[in-house]
Amino acid sequence: QVQLVESGGGLVQAGGSLRLSCAASGLTFGSYTMGWFRQAPGKEREFVAAIRWSGGSTLYADSVKGRFTISRDNAKNTVYLEMNKLKPDDTAVYYCAASRRLVEADKRVVYDYWGQGTQVTVSS
């Protein structure tokens, strides 16, 4: 049974930082592309960042480029999202996802497994 469990969300002031973690189990973690998505109230779930199995290739949404960093530790079956210079527009539930595919990592449809999400709230 595959499980993705996010943690690290919370309330932070604008300009602050948070580090999200996603612990995976029940899958061969090193074989999966890992992604982060987010969903704000009343909006569709949108792509944030993704990292290929080796960690050598990353992809970011334009809205977070230069502020967020995705990384992974295959020995710990964990993917991270370091979020800096947070803005109120970053407020959302953040979801971790896993995909067997190597392409189109910004597309929700390619992801096979999803976590339950962690709330990030940025106050102005």
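Every heavy atom of this structure was used, including side-chain atoms; hydrogens, water molecules and symmetry mates were not.
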- Qualifying salt bridge (charged side-chain N to carboxylate O under 4.0 Å, His left out) pairs with a residue from residues 104-119, counting only residues at least two apart or across chains: Arg100-Asp112, Arg101-Glu104

- Only pairs at least two apart or in different chains count here, so list each salt bridge (charged side-chain N to carboxylate O under 4.0 Å, His left out) that has a residue in residues 20-29. none

Within one Ile-Leu-Val-Met-Phe-Trp-Tyr cluster: [X] and [Y], side-chain cutoff 4.5 Å:
X: Leu59; Y: Tyr32; value: no
X: Val2; Y: Trp36; value: yes
X: Val48; Y: Val110; value: no
X: Phe37; Y: Val93; value: yes

- Query: Tell me the disulfide bond (SG atoms under 2.5 Å apart) pairs involving residues 83-113, sequence neighbours left out?
  - Reply: Cys22-Cys96

- Message: Filter on disulfide bond (SG atoms under 2.5 Å apart), then keep only pairs touching residues 54-89, sequence neighbours left out; what's left?
- Response: none

- Give a yes or no on this: more than 12 heavy atoms of other residues, nucleotides or ligands lie within 6.0 Å of atom CH2 of Trp114. yes

- Check whether any side-chain N or O of Arg72 sits under 3.5 Å from a backbone N or O of Phe29 as a donor-acceptor pair, and report yes or no. yes

- Query: Is the backbone N or O of Ala105 less than 3.5 Å from a side-chain atom of Tyr111, with the two atoms forming a donor-acceptor pair by type?
  - Reply: yes

- Where do Met83 and Val120 land on the side chain to side chain contact (heavy atoms under 4.5 Å, CB included) test, with the steps shown first? CA-CA 10 Å; Met83 305 186 295; Val120 171; 3.9 Å; yes

So, using side-chain hydrogen bond (donor to acceptor under 3.5 Å, both in side chains) as the criterion, who are the partners of [X] when residues are at least two apart?
X: Ser123; result: none
X: Lys65; result: Asp62
X: Gln116; result: none

So how far is it from [X] [atom1] to [Y] [atom2], rounded to the nearest 0.5 Å?
X: Met34; Y: Ser71; atom1: CE; atom2: OG; value: 11.5 Å
X: Arg19; Y: Thr69; atom1: CZ; atom2: OG1; value: 10.5 Å
X: Gln13; Y: Thr121; atom1: CD; atom2: OG1; value: 13.0 Å
X: Thr78; Y: Leu4; atom1: OG1; atom2: CG; value: 10.5 Å

- side-chain contact (heavy atoms from CB on, under 4.5 Å) against Thr58, all qualifying residues, sequence neighbours excluded: Ile51, Tyr60, Ile70

- Task: Taking side-chain contact (heavy atoms from CB on, under 4.5 Å) as the test, write out the residues that go with Ala61, two or more places apart.
- Result: Phe47, Ser63, Val64

- Query: ring pair (Phe, Tyr, Trp, His ring centres under 6.0 Å): which pairs involve residues 73-106, sequence neighbours left out?
  - Reply: none

- Item | By ring-ring contact (aromatic ring centres under 6.0 Å, His included) - contacts of Phe68 (at least two apart) | none

Throw together a table of side-chain donor-acceptor distances under 3.5 angstrom for residues 84-91, partners on residues two or more places apart or in other chains.
residue, atom, partner, partner atom, Å
Asn84, OD1, Ser17, OG, 2.8
Asp90, OD1, Arg38, NH1, 2.9
Asp90, OD1, Arg67, NH2, 3.0
Asp90, OD2, Arg67, NH1, 2.8
Asp90, OD2, Arg67, NH2, 3.4
Asp90, OD2, Lys87, N, 2.8
Thr91, OG1, Pro88, O, 2.9
Thr91, OG1, Val122, N, 2.9
Thr91, OG1, Val122, O, 3.4

